[in-house]
Amino acid sequence: MNLDLSELSLLAPIFRELFKGYHISRREPELYTQLSNLQDAYRALFRALGFELVCDTRGFYYLIPEQMGAQVNKTAQRLALFTFILVEHLADQGRDPLAVLDGGSLGRDELPALLDKYRDLFVQAEVISQEELEEKVMRRLTQLGFAAEESGIYRFLPPMHRFLDVCLAVQQDRDLAAALHSDLPLPAPILADDDDAGAAVPDVSHNAFDEDAALARAIAEEQELQA
């Protein structure tokens with residue numbers, strides 16, 4: 001496929017956001033529209049970098065390495081565990097978890113009770129205080145495009161479906177275990193160490209090399225192909 005790089009007028013900001021693990025959704029209409037209109041061109045260019053551009057039908061784009069290993073970084077583990085905790089917490093309150101995590105919101109004032117209730121699980125994620133919960137979890141959710149924060153209210157965005165998918169899969173496994181072994185306690189989700197495998201959890205950080213050098217290399221390779 002021959003690429004006309006002049007058409008990719010937003011290549012630099014799109015690459016910068018996706019490369020750091022950010023999820024581009026309709027919340028960034030200009031970037032999202034160009035990705036949608038020129039999806040094949042961007043997919044070919046990112047493939048030259050060793051990444052797959054993923055278009056989720058629920059309205060967001062993200063990158064995954066084509067040679068992705070089984071290791072999962074600590075941030076991805078924390079965010080997945082937080083989502084699992086929040087799903088169970090909302091269900092216990094009689095609130096619909098899907099309604100909250102699919103465009104709904106969570107108040108900053110709800111975090112202390114959440115931390116107290118699931119402190120043992122948060123300790124596994126090295127989250128001890130509300131400050132750490134906000135810094136290591138909520139702030140990362142906003143930085144990576146999973147949520148937006150305004151005036152102490154966290155509003156969840158479509159990319160949260162990546163973690164919801166994991167939670168639903170885990171819950172199905174727990175339901176099956178309960179049906180087969182009703183007399184056995186159901187295990188809580190356990191965080192793997194950094195060296196352990198955990199391919200079911202989405203890896204949201206791909207910043208393995210310098211982005212300017214990577215972008216320059218991909219463009220040069222594509223131009224050589226066209227020469």
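On a predicted model such as this, the values are computed, not experimentally measured, just so you know. Atom set for the values below is all heavy atoms of this structure, side chains included, hydrogens, waters and symmetry mates excluded.
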Please report the closest heavy-atom contact between [X] and [Y], naming both atoms and the distance.
X: Val137; Y: Leu79; value: O-CD2, 3.7 Å
X: Tyr22; Y: Thr142; value: CE1-O, 4.0 Å
X: Ser25; Y: Pro159; value: CB-CD, 4.3 Å
X: Ala91; Y: Pro97; value: N-CG, 4.0 Å
X: Met138; Y: Leu111; value: CG-CD1, 4.0 Å

**Study point:** Reference residue Tyr61; test side chain to side chain donor-acceptor pair (under 3.5 Å); the match among Gln39, Glu17, Arg43, Glu28
**Key:** Gln39
Min side-chain heavy-atom separation [X]-[Y] under 4.5 Å:
X: Leu53; Y: Leu63; answer: yes
X: Leu121; Y: Gln124; answer: yes
X: Arg78; Y: Glu126; answer: yes

Check your understanding: Do Phe163 and Phe82 pass the side chain to side chain contact (heavy atoms under 4.5 Å, CB included) test, and can you show the C-alpha distance, the side-chain angles, and the key distance before you say yes or no?
Key -> CA-CA 9 Å; Phe163 289 116; Phe82 172 77; over 6 Å; no
Salt-bridge contact [X]-[Y] (side-chain N to carboxylate O under 4.0 Å):
X: Glu110; Y: Arg95; value: yes
X: Arg139; Y: Glu149; value: no
X: Asp92; Y: Lys117; value: yes

Following the transitive rule for hydrophobic clusters with a side-chain heavy-atom cut-off under 4.5 Å over Ile, Leu, Val, Met, Phe, Trp and Tyr, establish whether [X] and [Y] coincide in one cluster.
X: Leu106; Y: Ile153; answer: no
X: Val123; Y: Leu86; answer: no
X: Ile14; Y: Leu157; answer: no

Exercise for review: Given ring pair (Phe, Tyr, Trp, His ring centres under 6.0 Å), test Tyr118 with Phe122 step by step and report yes or no.
Suggested key: CA-CA 6 Å; Tyr118 295 95; Phe122 277 118; 7.2 Å; no
[atom1]/[X] to [atom2]/[Y] distance, rounded to the nearest 0.5 angstrom?
X: Tyr62; Y: Phe146; atom1: OH; atom2: CZ; result: 9.0 Å
X: Leu144; Y: Met160; atom1: CG; atom2: CE; result: 11.5 Å
X: Thr83; Y: Leu141; atom1: OG1; atom2: CG; result: 6.5 Å
X: Leu8; Y: Tyr42; atom1: CG; atom2: OH; result: 4.5 Å
X: Leu114; Y: Asp109; atom1: CG; atom2: CG; result: 11.5 Å
X: Leu11; Y: Leu35; atom1: CG; atom2: CG; result: 10.0 Å

Exercise for review: Look at the aromatic rings of His23 and Phe60 and report parallel, tilted or perpendicular, splitting at 30° and 60°.
Suggested key: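 Because their plane-to-plane angle lies in the 30° to 60° range, the rings of His23 and Phe60 count as tilted.
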Practice item. Could you check His161 against Asp56 for side chain to side chain contact (heavy atoms under 4.5 Å, CB included), going step by step and ending with a plain yes or no? Key: CA-CA 9 Å; His161 279 283; Asp56 193 289; 5.6 Å; no
Does the [X] side chain pair with the main chain of [Y], one donor and one acceptor, at a distance under 3.5 Å?
X: Lys136; Y: Ala125; result: no
X: Arg119; Y: Ile128; result: yes
X: Arg58; Y: Pro158; result: no

Check your understanding: Does atom CD of Glu30 have more than 12 heavy-atom neighbours from other groups under 6.0 Å away?
Key ->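 Atom CD in Glu30 is not crowded, with 12 or fewer foreign heavy atoms closer than 6.0 Å.
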**Study point:** Derivation of the side chain to side chain contact (heavy atoms under 4.5 Å, CB included) call for Leu164 and Phe156
**Key:** CA-CA 11 Å; Leu164 274 172; Phe156 297 105; over 6 Å; no
Review point. Are a donor atom and an acceptor atom from the side chains of Gln130 and Glu134 found within less than 3.5 Å of each other?
Key: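 Side-chain D/A pair, Gln130 to Glu134: present.
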Check your understanding: Under the side chain to side chain contact (heavy atoms under 4.5 Å, CB included) criterion, do Leu18 and Phe46 qualify, and how do the steps go?
Key -> CA-CA 10 Å; Leu18 291 176; Phe46 287 129; 3.9 Å; yes
